[in-house]
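To start, the structure under review is shown below, and the notes come after it.
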Amino acid sequence: MKWIDHKTLIELCPPAELNFAECLQFLNRSDQEVLHQISDNYLYKLIKVNDKRILIKIGSTADSIRVEFPLIAPTTNEREEVAAYVWEWFNLNEDLKTFYLMARQDYVLKNIVDNYYGLRMICIPDLFEALTWAIIGQQINLTFAYKLKKRFVEQYGESLSFEGETFWLFPSYEKIAMIDVEDLRKLQFTARKAEYMIGVAKAMTAGELSKEMLLQIQDYEPMKKKLMAIRGIGAWSADYVLMKCLQHPLAFPIADVGLHNALKVQLGLERKPGIEEIEGLAKNWEGWQAYATFYLWRSLYDKAI
DNA sequence: GGCCAGGGCATCT
DNA sequence: AGATGCCATGGC
């Protein structure tokens, strides 16, 4: 991580392949989002560092990302934690040069990759949030999924108000470990999904599951296996978490319907491609499956806008 | 208003 | 192992 501590603000020095505006556009894709807010090209988010709620305001210059603290001045140690958080959130450790080299020559990706140059994988650093959002995302439609997430966060998360806006933290697993399936049923979660979410929360509270534990495994297949051992986490959810939280470049939710729709559009097909067909196309993406998927997902939002 | 949609699991054969 | 039912809202 390359960064400069200016005390009242911090400055991240990201790799060249970053387009902050492109990332903001992605973050702005749902108007139901409660975990961050965007206004005037600034991104606001409440995060928790050492049990302290810190509101951060993120903007950009030509070659850096600047993080300000509208409410309270964090300590030296906290500033470093904030820097690390933002660095991870925007996946700034990844060097995208070889991805672009591959994508520009790829039959599928060449038509879209330049449209989103500098878009980074926008991550979900908190494992509980990533697992929970994967479970919610199994919902039949995305509109309803966002609705459920909003209710969940506003019911069980901590918040903080600033200039008339309310900023939310994702609920902690300790808190969710103590609630009942019935509590989530009231928010219109299905009994199944409520069980999955509370189960994950309990496992994490008991110390049976953690991000560190998963990251230690390193290799893609065993990590995925470990995730799939969790009730409610199937192949799709495991790959989703590997991609968005554990930042594994090989994560590839091949059965994802969004991916299928994006490929259908890119290839000009009458119907969605089959798994074998996708496997064929993806041979060329080896090592960059997660980014290929992410950029294809991104291509779907253009139609909606 | 009827039908279909996304994923995962439970319950069959 | 592979097929089938279940969930339960939103968009067409």
Side-chain angles (χ1 to χ4, degrees), chain A residues 29-34 124 127-155 173 176 179-204 208-209 214 220-246 248 250-266 269-279 282 289-290 292-305:
Chain A
R29 68 197 181 283
S30 169
D31 52 15
Q32 300 225 56
E33 181 57 62
V34 278
I124 305 175
L127 177 66
F128 181 58
E129 181 185 337
L131 284 165
T132 303
W133 181 232
I135 292 165
I136 298 174
Q138 296 163 10
Q139 198 53 253
I140 41 185
N141 67 69
L142 212 54
T143 309
F144 188 49
Y146 273 109
K147 208 176 266 182
L148 287 177
K149 173 173 145 180
K150 188 165 188 286
R151 284 182 197 152
F152 180 64
V153 169
E154 292 179 351
Q155 178 75 46
Y173 53 78
I176 303 309
I179 66 173
D180 299 317
V181 168
E182 270 314 301
D183 296 322
L184 290 179
R185 291 282 300 137
K186 285 180 204 141
L187 304 185
Q188 280 183 291
F189 283 83
T190 64
R192 276 279 169 78
K193 289 193 177 68
E195 288 167 19
Y196 298 162
M197 287 166 60
I198 293 169
V200 166
K202 284 186 169 158
M204 290 188 73
E208 296 159 12
L209 176 69
L214 289 163
Y220 171 66
E221 286 295 343
M223 270 168 111
K224 183 168 172 177
K225 241 187 182 158
K226 180 91 183 168
L227 282 164
M228 287 180 65
I230 303 165
R231 184 159 179 268
I233 303 299
W236 178 88
S237 299
D239 273 310
Y240 185 82
V241 172
L242 279 162
M243 179 196 276
K244 301 279 281 188
C245 180
L246 304 170
H248 206 296
L250 304 187
F252 191 30
I254 194 166
D256 179 81
V257 159
L259 176 68
H260 299 175
N261 285 330
L263 286 170
K264 180 183 162 202
V265 172
Q266 291 308 312
L269 302 175
E270 291 290 316
R271 45 165 300 174
K272 290 186 235 177
I275 295 295
E276 315 75 34
E277 198 175 350
I278 300 172
E279 281 169 348
Q289 289 92 331
T293 303
F294 188 64
Y295 270 58
L296 282 162
W297 280 347
R298 173 65 185 81
S299 73
L300 287 173
Y301 298 125
D302 283 337
K303 288 191 305 165
I305 290 165

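Below, read A as the first sequence line, B as the second, and so on, with proteins coming before strands; counting in each chain starts at 1.
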| task | Using a 4.0 Å heavy-atom cut-off across all strands, classify A:I233 as base, sugar-phosphate, or nothing. | result | sugar-phosphate
| query | With under 30° as parallel and over 60° as perpendicular, where do the rings of A:Y220 and A:H248 fit, or are they tilted in between? | reply | tilted
| Using a cut-off of 4.0 Å on non-hydrogen atoms, how would the nucleic acid contact of A:L148 be classed: base, sugar-phosphate, or nothing? | nothing
| task | From the options A:L131, A:I136, A:I179, A:V181, select the one residue that forms a side-chain contact (heavy atoms from CB on, under 4.5 Å) with A:M197. | result | A:I136
| query | Of the nucleotides C:dG10, B:dG8, C:dT9, which one has an atom closest to the side chain of A:K147? | reply | C:dG10
| Please give, in whole Å, the distance from C:dC12 P to A:N141 CG? | 11 Å
| N or O in side chain of A:Q139 less than 4.0 angstrom from C:dA8 OP1/OP2 | no
| field | Value in whole Å for how far the P atom of C:dC6 lies from CZ of A:F189 | value | 23 Å
| Whole Å only: how far is the CD1 atom of A:I140 from the C1' atom of B:dG7? | 11 Å
| said: Less than 4.0 angstrom between a side-chain N/O of A:S237 and OP1 or OP2 of B:dG8, yes or no? | reply: yes
| message | Once you apply a heavy-atom cut-off of 4.0 Å, does A:A134 come out as touching a base, just sugar-phosphate, or nothing? | response | nothing
| query | Is any NZ, NE, NH1 or NH2 atom of the basic residue among A:K149 and A:E33 found under 4.0 Å from an Asp or Glu carboxylate oxygen of the other? | reply | yes
| remark: Of the listed B:dG7, B:dC9, C:dC7, the closest approach to the A:T190 side chain comes from C:dC7
| request: Taking atom P in both C:dG5 and B:dC3, compute the distance separating them and give it to the nearest angstrom. | output: 16 Å
| request: Give, for atom CE of A:M204 and atom CD1 of A:I230, the distance between the pair rounded to the nearest 0.5 Å. | output: 8.5 Å
| field | P atoms of C:dA8 and B:dG1, separation to the nearest Å | value | 22 Å
| query | Rounded to the Å, how far apart are A:L142 CG and C:dG11 C1'? | reply | 13 Å
| Hey, does A:K193 reach any base, or is it just sugar-phosphate, or nothing, if we go heavy atoms under 4.0 Å? | base
| request: Take atom CG of A:N261 and atom P of B:dA5, then tell me their distance rounded to the nearest Å. | output: 11 Å
| query | Hey, is the side chain of A:T143 poking within less than 4.0 Å of OP1 or OP2 on C:dG11, counting only N and O atoms? | reply | yes
| message | Counting only Watson-Crick pairs (N1-N3 plus N6-O4 or O6-N4) and G-U wobbles (N1-O2, O6-N3), all under 3.5 Å, who is the partner of C:dG11? | response | B:dC3
| field | Nearest-angstrom distance from the residue atom NE2 of A:H260 to P of B:dC4 | value | 20 Å
| Can you tell me how far P of C:dT9 sits from CZ of A:R151, to the nearest Å? | 9 Å
| query | Are OP1 or OP2 of B:dA5 and a side-chain N or O of A:K272 less than 4.0 angstrom apart? | reply | no
| query | Would you say A:R231 reaches B:dA10's phosphate, i.e. side-chain N/O to OP1/OP2 under 4.0 Å? | reply | yes
| said: Is it the case that the side chain of A:Q138 and the backbone of A:G232 share a donor-acceptor pair, with hydrogens and angles ignored and the cut-off at 3.5 Å? | reply: yes
| task | Using whole Å, report how far CG of A:L227 lies from C1' of B:dG7. | result | 16 Å
| task | For the pair A:F189 and A:F152, name the ring-plane relationship: parallel under 30°, tilted 30 to 60°, perpendicular over 60°. | result | perpendicular
